[in-house]
Amino acid sequence: MTTPRRRSQQDLSVHKRQVENLQRRLLLKEMLSLGALGMLAGCDLQDGDAVDKVLWTMSRWNDRVQAKLFSRTRLAPTYEASRITRPFPFNAFYPEYDAPDIDGAAFRLQLSGKIDDKRAWTLADLRALPQSGQITRHICIEGWSAIGEWRGVAFRTFLERIGADMTARYVGFKCADKYYSSLDMETAMHPQTLLALDFGADPLPAEYGFPLKLRVPTKLGFKNPKHIAEIFVTNDYPGGYWEDQGYNWFSGV
Ligand SMILES: Nc1nc2c(c(=O)[nH]1)N[C@H]1C(S)=C(S)[C@@H](COP(=O)(O)O)O[C@H]1N2
Ligand SMILES: [Mo]
């Protein structure tokens, strides 16, 4: 008979083996990468394209390992309302006064890719779905963080509602300000990933993502697209505005 204690020891040893396997694979891959860098050194690092290719390959691989370690059930911390940062900091690739001016009444959220029902959504349609909220910390790669409150539709609920292909690898976002980003399907379905309509008690202000932003507390700030115009589901790596300039695609916190 296996006592609970014994069972947990067995679980631990299985876990330990998995970690060891992972470490072995990491080491092997690192040696392969070093080998590739050595080859590049041989060509004087003159060939920028080849160097780029190796670095991008390493980064993509790093994303895959991080995705394996990420757990759908790991939750980001939540906070009391008294901890909310006021005023909440603004950030974008342009100054605040250039934030897109969007007409909420005319707004239609576009859907494309591996989705059964690609009908466009009005804001009223989205508000008719069950709403929930969160008080979580937004962490920007530039070295600041702030606690905010967002409300909206659990993104998983929305994906189910539109008949998104949940076996696809990525969900991509195109924004009204030409920003774009993407998530792995696991993160898209995470219980805290929220299609946010409200910031605190009010609709998202223009600068903070009106009319829609994706709030992903398990990711760095740049993977929280504001002013979402289109959502698509795909198996082709969509990249992102900062991701394509070298920021790590996975960027989990
Ligand atoms: N559409 C859009 N979304 C965006 C950005 C942007 O420039 N455009 N910047 C990202 C970055 S780097 C950060 S830190 C957060 C800032 O969100 P906030 O203005 O609500 O603080 O938005 C993210 N989402
Ligand atoms: Mo950011």
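Counting starts at 1 for both ligands and their atoms, following the listed order.
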### Query
Restricting to pairs with a member in residues 100-112, which pass salt bridge (Lys or Arg N to Asp or Glu O under 4.0 Å), not counting sequence neighbours?
none

### Message
Do Phe222 and Asn91 have side chains that approach each other closer than 4.5 Å (heavy atoms only, starting at C-beta)?
### Response
no

### Task
Assign the ring pair Phe88 / His138 to parallel, tilted or perpendicular, where the plane angle (0 to 90°) is split at 30° and 60°.
perpendicular

Quick one: table the atom pairs, ligand 1 N or O against protein N or O, below 3.5 Å, distance rounded to 0.1 Å.
unit_1, atom_1, unit_2, atom_2, d
ligand 1, 1 (N), Asp177, OD1, 3.0
ligand 1, 1 (N), Asp177, OD2, 2.9
ligand 1, 1 (N), Lys226, O, 2.9
ligand 1, 3 (N), Lys226, N, 3.0
ligand 1, 7 (O), Phe93, N, 3.1
ligand 1, 8 (N), Asp177, OD2, 2.8
ligand 1, 19 (O), Asn91, N, 3.0
ligand 1, 19 (O), Asn91, O, 3.4
ligand 1, 19 (O), Lys226, NZ, 2.6
ligand 1, 21 (O), Pro89, O, 2.7
ligand 1, 24 (N), Asn224, O, 2.9

### Task
Could you work out the complete set of other residues in the hydrophobic cluster of Tyr79, with links drawn between I, L, V, M, F, W and Y side chains under 4.5 Å apart?
Ile84, Ile135, Ile147

### Task
Can you tell me which residue pairs pass the side chain to side chain donor-acceptor pair (under 3.5 Å) test with a partner in residues 162-178, sequence neighbours excluded?
Tyr94-Asp177, Asp165-Thr167

### Side chain proximity check, Glu230 to Ser112, heavy atoms < 4.5 angstrom
yes

